[in-house]
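From a predicted model like this one, the values you see are computed outputs, not experimental measurements. Residue numbers start at 1 and run along the sequence shown.
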Amino acid sequence: MKNKYPYILLILLPLLTVGCGQHEITDDMPDSVKLELLDINLERDPDNAEILAARAQVLFNLHRIKEANFDISRALKADPDNLDYLMLKADIAFANGSPEESYQALEAAEKLSPNNKDVLLKMGEITFYSRDYDRSLQYLSNVTEKDPNNRTALFMKGFIYKEKGDTASAVQLFNRVCDKFPDYAPAFEELGVLYASRNNPMAVEYLSTALRLEPSNTNAMYALALYYQERGDMEKAETLYRQILDLNSESADSWHNLGWIELTHYSDYQRAIEYFDKALAINPEMENAIANRQLAMDAMK
């Protein structure tokens, strides 16, 4: 499934053990097929916590969050001390917009298994996405004490330090992730953005690496385009903005920046207006597009 939270580590339940009279379900089945079989199995055994939890996982995969929450709650009512169910409940509750319910599930999991690295990491993730950064750092640091090279914990700690303005610590942690996990594009992207903010040419190397690892990463593409634009290399910037638009024609920022290049670099005011209009069609309240469109209009008089 496409993860709503790009860096979160989802805890997936192990394969359902098939009992007598149940339809066999395997990992390679499409979720829609799994769901049909689980529905049949639950008709035969409606209070089976294992089947309920398995269906909750499949519904979660299919983004049917409310139904998933209902099933995992029923599973936990039947088996309240199941660590896997509590971890899944935490993910589902958070996706359902109930962070407090998610915390409660994780606190119950922590009581069942104190100092469990997976539970601590999940606590760090949930608090991270809730922007409770101090609390998240505490949990994530507990994880890295037990597992110094835990990629998720190191990356999230770096991101938190970046958000708190401690860019030196952020760079150090992102570099560590890049060294240990050279195929992890998000760390290269974050380093590239940080180096770009410092006007450091290393930004090109890191953002290019992120794009080599994830060629359709429009965030890294945009950061690199903006870096080139701000340094006057309009040809490279233009090429990247157009690549973004090939992947996502609704990128208002890319349309706007193409308009800005036409306005300030080529003095092609008509084309600039065309691009600003495209940006405003996507985001009618885009203030810089409104202002720059007016500049182009005035320049044509």
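Phe188 has its side chain out of reach of Leu207: every pair of non-hydrogen atoms, C-beta onward, lies at least 4.5 Å apart. In this structure, Val119 and Leu83 have side chains that are in contact, with non-hydrogen atoms separated by less than 4.5 Å. Side chains of Glu50 and Tyr85 form a contact here, defined as non-hydrogen atoms less than 4.5 Å apart. In this structure, Leu137 and Thr127 have side chains that are not in contact, with every pair of non-hydrogen atoms separated by 4.5 Å or more. Taking 4.5 Å as the limit, some side-chain heavy atom of Asn199 sits within range of a side-chain heavy atom of Arg231. The shortest side-chain heavy-atom distance between Lys122 and Asp91 falls under the 4.5 Å cut-off. The closest side-chain heavy-atom distance from Val171 to Tyr195 is below 4.5 Å. Looking at heavy atoms from C-beta onward, Asn41 lies in side-chain contact with Ile25 at the 4.5 angstrom threshold.
Considering NZ of Lys89 and CD of Glu101, their distance stands at 3.5 Å, rounded to 0.5 Å. Expressed to the nearest 0.5 Å, how far OG of Ser254 lies from CG of Leu247 amounts to 10.0 Å. Rounded to the nearest 0.5 Å, atoms CD1 (Ile244) and OG (Ser216) are 11.5 Å apart. Interatomic distance, Glu67 CD to Asn96 CG, rounded to the nearest 0.5 Å: 11.0 Å. The CG atom of Leu121 lies 4.5 Å from the CD atom of Glu125; values are rounded to the nearest 0.5 Å. Rounded to the nearest 0.5 angstrom, Leu86 CG and Gln104 CD are separated by 11.5 Å.
Between Ala78 and Asp47, the shortest heavy-atom contact is CB-O, 4.4 Å. Listed here is the closest heavy atom pair of Ala93 and Ser102: CB-N, 3.8 Å. Ala153 approaches Leu140 most closely through the heavy-atom pair CA-CD2, 3.9 Å. Contact detail for Lys34 and Asp27: the closest heavy-atom pair is NZ-O, 3.5 Å.
Counted within 6.0 Å of CZ on Phe181, heavy atoms from surrounding residues, nucleotides or ligands total more than 12; the atom is thus considered enclosed. No more than 12 heavy atoms of other residues, nucleotides or ligands sit less than 6.0 Å from atom CD of Gln172. Residue-environment remark: CE (Met202) exceeds the threshold of 12 foreign heavy atoms within 6.0 Å. Glu235 CD: 12 or fewer foreign heavy atoms inside a 6.0 Å radius.
By the 4.0 Å N-to-carboxylate-O rule, Glu107 lies too far from Lys111 to be salt-bridged with it. A salt bridge does not link Asp179 to Arg176: none of the charged side-chain nitrogens sits closer than 4.0 Å to a carboxylate oxygen.
Taken together through direct or relayed side-chain contacts under 4.5 Å among Ile, Leu, Val, Met, Phe, Trp and Tyr, Ile160 and Leu191 form part of one hydrophobic cluster. Linking ILVMFWY residues whenever their side-chain heavy atoms come closer than 4.5 Å, directly or via other members, leaves Leu295 and Trp255 in distinct clusters. Criterion: ILVMFWY side-chain heavy atoms under 4.5 Å apart, direct or through other members. Under it, Phe174 and Met156 are part of a common hydrophobic cluster. Residues Leu280 and Ile282 fall into different hydrophobic clusters, defined by Ile, Leu, Val, Met, Phe, Trp and Tyr side chains chained together at heavy-atom separations under 4.5 Å. With hydrophobic clusters built from ILVMFWY side chains whose heavy atoms lie under 4.5 angstrom apart, Leu211 does not share a cluster with Val177.
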Test log, rule side chain to side chain contact (heavy atoms under 4.5 Å, CB included), inputs Phe60 and Leu88: CA-CA 9 Å; Phe60 186 42; Leu88 180 57; 4.1 Å; yes
With side-chain hydrogen bond (donor to acceptor under 3.5 Å, both in side chains) as the criterion, how do Asp28 and Thr26 come out once you've worked through the C-alpha distance, each side chain's angles and the decisive distance to 0.1 Å? CA-CA 6 Å; Asp28 57 352; Thr26 59; 2.5 Å; yes
Candidate pair Arg198 and Thr167, rule side chain to side chain contact (heavy atoms under 4.5 Å, CB included), full reasoning: CA-CA 10 Å; Arg198 296 176 169 185; Thr167 55; 3.3 Å; yes
Worked check of side chain to side chain contact (heavy atoms under 4.5 Å, CB included) between Met300 and Ile273: CA-CA 10 Å; Met300 290 182 68; Ile273 291 169; 3.4 Å; yes
Derivation and outcome, side chain to side chain contact (heavy atoms under 4.5 Å, CB included), residues Ile92 and Leu59: CA-CA 10 Å; Ile92 293 172; Leu59 288 166; over 6 Å; no
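Residues Tyr275 and His256 place their aromatic rings such that the two centres sit no closer than 6.0 Å.
For the residue pair Asp132/Ser130, the side-chain donor-acceptor check at 3.5 Å is not satisfied. Of the N and O atoms on the side chains of Thr239 and Tyr228, not one donor lies less than 3.5 Å from an acceptor on the other residue. At a cut-off of 3.5 Å, with distance as the only test, a side-chain donor of Tyr133 or Arg131 sits close to an acceptor on the other residue. Side-chain atoms of Gln138 and Asn142 form no donor-acceptor pair, as typed in the model, at a separation below 3.5 Å. With 3.5 Å as the limit, one finds a donor-acceptor pair spanning the side chains of Gln229 and Tyr241. Looking at Asn116 and Glu110, their side chains never bring a donor and an acceptor atom within 3.5 Å of each other. For the residue pair Asn175 / Tyr206, a side-chain donor-acceptor distance below 3.5 Å is found, with atom types taken as modelled.
Ring orientation note: the planes of Tyr184 and Phe155 are nearly perpendicular, at an angle over 60° on the 30°/60° scale.
With sequence neighbours excluded, the residues satisfying salt bridge (Lys or Arg N to Asp or Glu O under 4.0 Å) with Asp39 are Arg55.
A cation-pi geometry, defined here as NZ or CZ lying under 6.0 Å from the six-membered ring centre and within 45° of its normal, does not hold between Arg271 and Tyr266. A cation-pi arrangement is present between Lys162 and Phe159 under the rule of less than 6.0 angstrom and at most 45 degrees off the ring axis.
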Give every donor-acceptor pair under 3.5 Å between a side-chain atom in residues 218-227 and any protein atom, sequence neighbours left out.
from   : atom 1 : to     : atom 2 : distance (Å)
Tyr222 : OH     : Asn257 : ND2    : 2.9

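With hydrogens and angles ignored, the 3.5 Å screen pairs a side-chain donor or acceptor of Asn248 with a backbone N or O of Glu250. A donor-acceptor pair is defined here as one N or O able to donate and one able to accept, closer than 3.5 Å; such a pair exists between the side chain of Asn292 and the backbone of Asn288. In terms of modelled atom types and a separation under 3.5 Å, the side chain of Arg74 and the main chain of Asn48 share no donor-acceptor contact. Remark: the backbone N or O of Leu194 is paired with a side-chain donor or acceptor of Ser197 at under 3.5 angstrom.
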